[in-house]
Amino acid sequence: MLIATWNVNSIKSRIDLATRWLQEARPDLVCLQEIKCVDEAFPRAEIEALGYNVAVHGQKSYNGVAILSRAPIEDVVMRLPGDDADEHARYVEVVVSTDRGAVRVGCIYLPNGNPAPGPKYDYKLGWMERLRRHAAERLALEEAFVLAGDFNVIPAPKDAKRPDAWVDDALFLPETRAAWRRLIALGLTDALRAADENGGVYTFWDYQAGAWQKDHGIRIDHLLLSPQAADRLLAVRVDRHVRSWERPSDHVPVVIELAA
DNA sequence: ATGGCGCATACGATGCGA
């Protein structure tokens, strides 16, 4: 099965692009971030017409996540535990059934955290600690579990074309990468890193400064796999050609293939 | 070397992103 993650930067502005990509790539399950609309405004009909079930956790103007799945969606979770005062729509999790058993998928839009230091950076680090605790709970279930989304973390210098441009940025600060390593250390596999140790593979290019034309990209969209999911990993790819389509998102889809 | 964009809201200008 094909599982993808894609920060679309507004699903309403991107619906034609999104349906074009869905028809081309034919993924079985897609985690979307930054849909930037309330649940009622999500273009559900256009997506369902392509054969997908939809779980939406929307928010006005900002954030918002959704999961699209060809298989029926079971057991939806709409929030990341650990802070009842957190109103941002940044987490949705589902379980779907496959021929090889159930797969649990968490879709995250991890806070950007800039400017750092400051309250936004504190929020990011707090969110990452909540995510670590939640991931630990899910790993204890010993299921096939995929944690996918826009992590807003550049894991290593080789994940940026110009790492020196990011040294003071919330996406790349030492504390951010340390929190990332604590997450990985639970026993999660970074799917793209497992498939390619070399680096130079990016998932985001800023709209500004000709970043795309110069390939000034960063890798911040990730799929992390539990051991039971990693055992089934067959392939990983980044659909970077989508960045050259008309009116693109600044992120592109990342896709993994799991056995059966 | 520098600066360069795009979205939502609202209809001008600001917040936000990365």
Side-chain angles (χ1 to χ4, degrees), chain A residues 5-18 21 31-43 56-66 86-91 107-128 131 148-177 179-180 192 199-222 238 240 242-254:
Chain A
T5 181
W6 189 16
N7 179 323
V8 289
N9 186 15
S10 170
I11 189 61
K12 287 192 284 182
S13 290
R14 220 66 67 200
I15 185 59
D16 290 346
L17 196 85
W21 178 75
C31 297
L32 298 177
Q33 302 88 36
E34 281 208 89
I35 61 171
K36 293 187 174 179
C37 65
V38 295
D39 294 5
E40 304 73 48
F42 189 88
V56 183
H57 185 201
Q59 178 181 336
K60 186 176 180 177
S61 305
Y62 304 115
N63 311 314
V65 287
D86 183 3
E87 297 295 329
H88 291 195
R90 296 181 177 275
Y91 192 79
C107 170
I108 77 162
Y109 177 44
L110 203 147
N112 173 304
N114 281 304
K120 291 188 174 182
Y121 192 56
D122 296 341
Y123 174 61
K124 175 175 194 154
L125 293 177
W127 208 94
M128 293 185 80
L131 182 64
D150 177 357
F151 282 69
N152 273 316
V153 175
I154 303 168
K158 62 186 173 185
D159 295 310
K161 180 64 167 275
R162 299 191 308 173
D164 25 325
W166 297 94
V167 290
D168 295 321
D169 195 283
L171 280 62
F172 192 57
L173 282 170
E175 267 193 279
T176 304
R177 287 187 276 156
W180 165 267
L192 193 134
V201 177
Y202 311 125
T203 65
F204 168 91
W205 296 260
D206 202 287
Y207 288 121
Q208 303 184 73
W212 168 244
Q213 288 74 12
K214 299 174 190 169
D215 195 29
H216 287 171
I218 51 178
R219 185 174 76 97
I220 55 175
D221 300 275
H222 309 297
V238 177
R240 70 177 269 144
V242 176
R243 187 64 176 77
S244 67
W245 288 357
E246 194 174 351
R247 295 190 70 223
S249 170
D250 38 8
H251 300 248
V252 296
V254 184

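Chain letters run A, B, ... following the sequence lines, proteins first and then strands; every chain starts at 1. Everything numeric in this text was worked out from a predicted model, so none of it was measured.
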Task: Protein-nucleotide distance (Asp159(A), atom CG; dA18(B), atom C1'), rounded to Å - done: 15 Å
- [ ] Provide the distance between the two P atoms, one in dG3(B) and one in dT9(B), to the nearest whole Å.
- [x] 30 Å
- [ ] Test for a donor-acceptor pair under 3.5 Å between the base of dA18(B) and the side chain of Asp169(A), counting only N and O atoms.
- [x] no
Open item on the list: Within the 4.0 Å heavy-atom criterion, would you say Phe172(A) contacts the bases, only the backbone, or no part of the nucleic acid?
Closed with: nothing
Open item on the list: When you compare the side chain of Asp250(A) with that of Trp212(A), does any pair of heavy atoms fall below 4.5 Å?
Closed with: no
TODO: Answer whether the closest heavy-atom distance between the side chains of Phe151(A) and Ile108(A) falls below 4.5 Å.
DONE: yes
- [ ] Take atom P in dC7(B) and the same atom in dA18(B), then report the distance between them in whole Å.
- [x] 14 Å
Open item on the list: Please classify the nucleic acid contact of Asn63(A) as base, sugar-phosphate, or nothing, using heavy-atom distances under 4.0 Å.
Closed with: nothing
Task: Working for side-chain contact (heavy atoms from CB on, under 4.5 Å), residues Asn9(A) and Arg14(A) - done: CA-CA 8 Å; Asn9(A) 186 15; Arg14(A) 220 66 67 200; 3.6 Å; yes
Task: Short side-chain N/O contact from His251(A) to OP1 or OP2 of dG17(B), under 4.0 Å - done: no
Open item on the list: Whole angstroms only, please: what is the CG-P distance between Asn114(A) and dA18(B)?
Closed with: 9 Å
- [ ] List in chain and number order the residues that pass side-chain contact (heavy atoms from CB on, under 4.5 Å) with Gln208(A), two or more places apart in sequence or in another chain; answer none if no residue qualifies.
- [x] Asp206(A)
Open item on the list: Counting primed atoms plus P, OP1 and OP2 as sugar-phosphate and everything else as base, spell out the protein contacts along nucleotides 4-13 of chain B at 4.0 Å heavy-atom distance: B, S or - for each nucleotide, 5' to 3'.
Closed with: BBSSSS----
TODO: Would you mind classifying the nucleic acid contact of Asn152(A) as base, sugar-phosphate or nothing, using non-hydrogen atoms under 4.0 angstrom?
DONE: sugar-phosphate
TODO: Fit a plane to each ring of His88(A) and Tyr123(A), take the angle between them on a 0 to 90° scale, and name the class: parallel (under 30°), tilted (30 to 60°) or perpendicular (over 60°).
DONE: perpendicular
TODO: Please state how far atom CD1 in Ile218(A) lies from atom C1' in dA18(B), giving the value in whole angstrom units.
DONE: 6 Å
- [ ] Please measure how far the P atom in dG15(B) lies from the corresponding atom in dA10(B), and state the result in whole Å.
- [x] 14 Å
- [ ] Measure from NZ on Lys124(A) to C1' on dG17(B) and round the result to the nearest Å.
- [x] 11 Å
- [ ] Scan Asp150(A) against the nucleic acid and name what it touches under 4.0 Å (heavy atoms): base, sugar-phosphate only, or nothing.
- [x] sugar-phosphate
- [ ] Round to a whole Å and report the spacing from CD of Gln59(A) to C1' of dC16(B).
- [x] 12 Å
Open item on the list: When you compare the side chain of Phe42(A) with that of Leu32(A), does any pair of heavy atoms fall below 4.5 Å?
Closed with: yes
Task: Atom CG of Asp168(A): over 12 foreign heavy atoms under 6.0 Å - done: no
Open item on the list: When you measure from the side-chain N and O atoms of Tyr109(A) to the phosphate of dA18(B), is any distance below 4.0 Å, counting only OP1 and OP2?
Closed with: yes
Open item on the list: When the C1' atoms of dA8(B) and dG12(B) are compared, how many Å lie between them, rounded to an integer?
Closed with: 14 Å
- [ ] Let me know the distance between NE2 of His222(A) and P of dA18(B), rounded to the nearest Å.
- [x] 12 Å
